[in-house]
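First comes the structure, then the notes that go with it.
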Amino acid sequence: MKYGLIGEKLGHSYSKIIHEKLADYTYDLCPLTKEEFPAFMECRDFTAINVTIPYKQDVIPYLDHMDENAAAIGAVNTIVNRNNKLFGYNTDLPGFIYMVKQNGISMKGKKVIVLGNGGAAQAVKAAVQKLGASDMIIVGHRVMKEGVITYEECFEKYSDAKIIINTSPVGMYPDTDASPVDLAHFPQCEAVLDIIYNPLTTKLTAQAKQLGMIGVTGLEMLVAQAKYAVEIFLDTSLDDSIIAKICRELETGLA
């Protein structure tokens with residue numbers, strides 16, 4: 001494989017379509033079990049790859065270098081093989097910020113709740129800090145990690161949050177009837193960002209719109225992070241306008 005995506009389950013992925021619209025190469029989807037993952041990384045038999053759930057943190061021990069962003073975030077979604085040395089990057093951070101700004105959402109001085117604390121959450125947490133939120137509350141089912149609270153505690157103490165971001169896989173295809181929270185718990189919420197992109201409208205963002213909030217799913221983030229990854233893969237520069245163009249094409253094709 002020269003270019004492609006690794007992750008555990010890739011049946012829902014649009015990355016092949018997006019990359020092959022952005023660049024003139026074949027992009028392969030390479031699902032790996034947890035048993036297959038170490039051998040794949042040790043072989044280094046690729047030119048450049050993207051990394052998705054659940055390996056964004058697991059790839060780090062195999063890298064020779066990480067850029068400042070990826071090191072600070074503690075998660076990698078883009079790896080380039082240069083003369084058998086692996087260089088790690090995180091394009092989820094600029095991808096998420098692109099999505100926030102495209103939808104006219106301001107986090108400055110606001111209380112923000114982040115649902116989930118896995119690899120996908122790390123770039124989002126860095127972005128929330130960068131965008132000037134006054135408070136960031138991390139909510140998870142596994143609360144052994146410091147600074148992570150339960151959903152029950154969140155409902156009890158932080159119902160005044162203005163922005164909610166879902167980084168968990170709850171609501172992702174094929175389990176589209178699931179939602180990580182009932183937004184009725186958050187009467188002051190203005191905007192809900194769900195980094196899930198399949199389906200194009202999740203149960204969570206549908207409820208947000210019903211309640212008069214902004215509701216955004218992750219297609220723009222997905223295309224943006226892919227565009228930034230292609231720039232790293234090929235050491236090139238692409239205009240940001242291509243992100244909206246590909247989003248429109250995908251929305252038309254998937255509607």
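- Nearest heavy atoms, Pro31 versus Glu36: O-OE1, 3.9 Å.
- Proximity of a side-chain donor or acceptor of Lys245 to a complementary backbone N or O of Ser241 within less than 3.5 Å is not detected.
- A distance of 11.5 Å separates NE2 of His19 from CG of Asp28, quoted to the nearest 0.5 Å.
- Rounding to the nearest 0.5 Å places CZ of Arg248 at 12.0 Å from CG of Leu219.
- In this structure, Asn90 contributes its side chain and Asn77 its backbone to no donor-acceptor pair below 3.5 Å.
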List the steps and the verdict of side chain to side chain contact (heavy atoms under 4.5 Å, CB included) for Glu249 and Lys21.
-> CA-CA 10 Å; Glu249 288 172 6; Lys21 284 177 181 288; 2.7 Å; yes

Going through the distances and angles, do Phe96 and Lys130 end up as a side chain to side chain contact (heavy atoms under 4.5 Å, CB included)?
-> CA-CA 11 Å; Phe96 180 76; Lys130 204 167 185 161; over 6 Å; no

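- Side chains of Asn117 and Lys125: a donor on one and an acceptor on the other come within 3.5 Å.
- Minimum heavy-atom separation, Leu63 to Gly88: CD1-CA, 3.9 Å.
- Gln225 contributes a side-chain N or O that, together with a main-chain N or O of Leu222, makes up a donor-acceptor pair within less than 3.5 Å.
- Within 6.0 Å of atom CG in Asp235, 12 or fewer heavy atoms from other residues, nucleotides or ligands are found, so the atom counts as exposed in its surroundings.
- Between Met1 and Phe40 there is a side-chain heavy-atom pair separated by less than 4.5 Å.
- Side-chain contact of Thr202 with Asp194: a donor-acceptor pair under 3.5 Å is present, judged by distance alone.
- Connection of Ile232 to Ile242 is established within a shared hydrophobic cluster, with ILVMFWY side chains joined at heavy-atom distances below 4.5 Å, either directly or through further cluster members.
- For Thr78 (side chain) and Asn50 (main-chain N/O), no donor-acceptor pair under 3.5 Å exists by modelled atom type.
- Pairing each heavy atom of Val148 with each of Gly140, the nearest pair is CG1-N, 3.5 Å.
- Grouping the Ile, Leu, Val, Met, Phe, Trp and Tyr side chains by contacts below 4.5 angstrom, directly or via other members, places Ile138 with Leu93.
- The six-membered or imidazole ring of Phe37 lies near that of Tyr62, with a centre-to-centre distance under 6.0 Å.
- Annotation: side chain of Ser13 is not in contact with side chain of Thr52 (no heavy-atom distance under 4.5 Å).
- When hydrophobic clusters are built by joining Ile, Leu, Val, Met, Phe, Trp and Tyr residues whose side-chain heavy atoms come closer than 4.5 Å, directly or via intermediates, Leu32 is not grouped with Tyr3.
- The two residues Ile60 and Gly74 come nearest to each other via the heavy atoms CD1-O, 3.5 Å.
- Between the side chain of Ser159 and the backbone N or O of Phe186 there is no donor-acceptor pair closer than 3.5 Å.
- To the nearest 0.5 Å, atom OG1 of residue Thr201 and atom CD1 of residue Ile196 are 12.0 Å apart.
- Both Val223 and Leu29 belong to a single network of hydrophobic side chains, linked directly or stepwise wherever heavy atoms of I, L, V, M, F, W or Y lie under 4.5 Å apart.
- Of the possible donor and acceptor atoms, one in the side chain of Glu20 sits under 3.5 Å from a partner among the backbone N and O of Tyr27.
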Given the rule in the side chain to side chain contact (heavy atoms under 4.5 Å, CB included) test, do Ile137 and Lys157 qualify, once you have shown the distances and angles that lead to the verdict?
-> CA-CA 10 Å; Ile137 298 97; Lys157 296 182 180 174; over 6 Å; no

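- A salt bridge does not link Asp240 to Lys101: none of the charged side-chain nitrogens sits closer than 4.0 Å to a carboxylate oxygen.
- Going from atom SG of Cys189 over to atom NZ of Lys111 covers 12.5 Å, rounded to the nearest 0.5 Å.
- Residue Val51 comes nearest to Val76 through the heavy atom pair CB-O, 3.7 Å, listed as atom of the first residue, atom of the second, then distance.
- Without hydrogens or angle criteria, Asn81 side chain to Arg44 main chain gives a donor-acceptor distance under 3.5 Å.
- Looking only at side-chain heavy atoms (C-beta outward), Tyr25 and Lys2 stay at 4.5 Å or farther from each other.
- Of all non-hydrogen atoms in Gln122 and Ala75, the two that sit nearest each other are CB-CB, 4.0 Å.
- The backbone N or O of Ile105 lies less than 3.5 Å from no partner atom in the side chain of Asn103, so there is not a single donor-acceptor pair.
- At least one side-chain heavy atom of Pro54 sits under 4.5 Å from a side-chain heavy atom of Lys34.
- Glu190 is listed as a side-chain neighbour of Lys110, based on a closest heavy-atom distance under 4.5 Å.
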Run the numbers on Phe46 and Cys30 for side chain to side chain contact (heavy atoms under 4.5 Å, CB included), then give the verdict.
-> CA-CA 11 Å; Phe46 57 83; Cys30 182; over 6 Å; no

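- Residues Ile195 and Leu193 fail the side-chain proximity criterion, which asks for heavy atoms closer than 4.5 Å.
- Here the side chains of Gln207 and Val192 are not in contact, with every heavy-atom distance at 4.5 Å or above.
- The CD1 atom of Ile165 lies 11.5 Å from the CG atom of Leu204; values are rounded to the nearest 0.5 Å.
- Residues Phe233 and Leu86 do not share a hydrophobic cluster, clusters being chains of Ile/Leu/Val/Met/Phe/Trp/Tyr side chains in contact below 4.5 Å.
- Looking at Met221 and Asp92, their side chains come closer than 4.5 Å, going by heavy atoms from C-beta outward.
- With rounding to the nearest 0.5 angstrom, the CD1 atom of Ile6 is 13.0 Å from the CD1 atom of Ile53.
- With Lys203 contributing its side chain and Asp177 its backbone, the two residues share a donor-acceptor pair below 3.5 Å.
- The main-chain N or O of Ile243 is never found under 3.5 Å from a side-chain atom of Glu220 such that the two would form a donor-acceptor pair.
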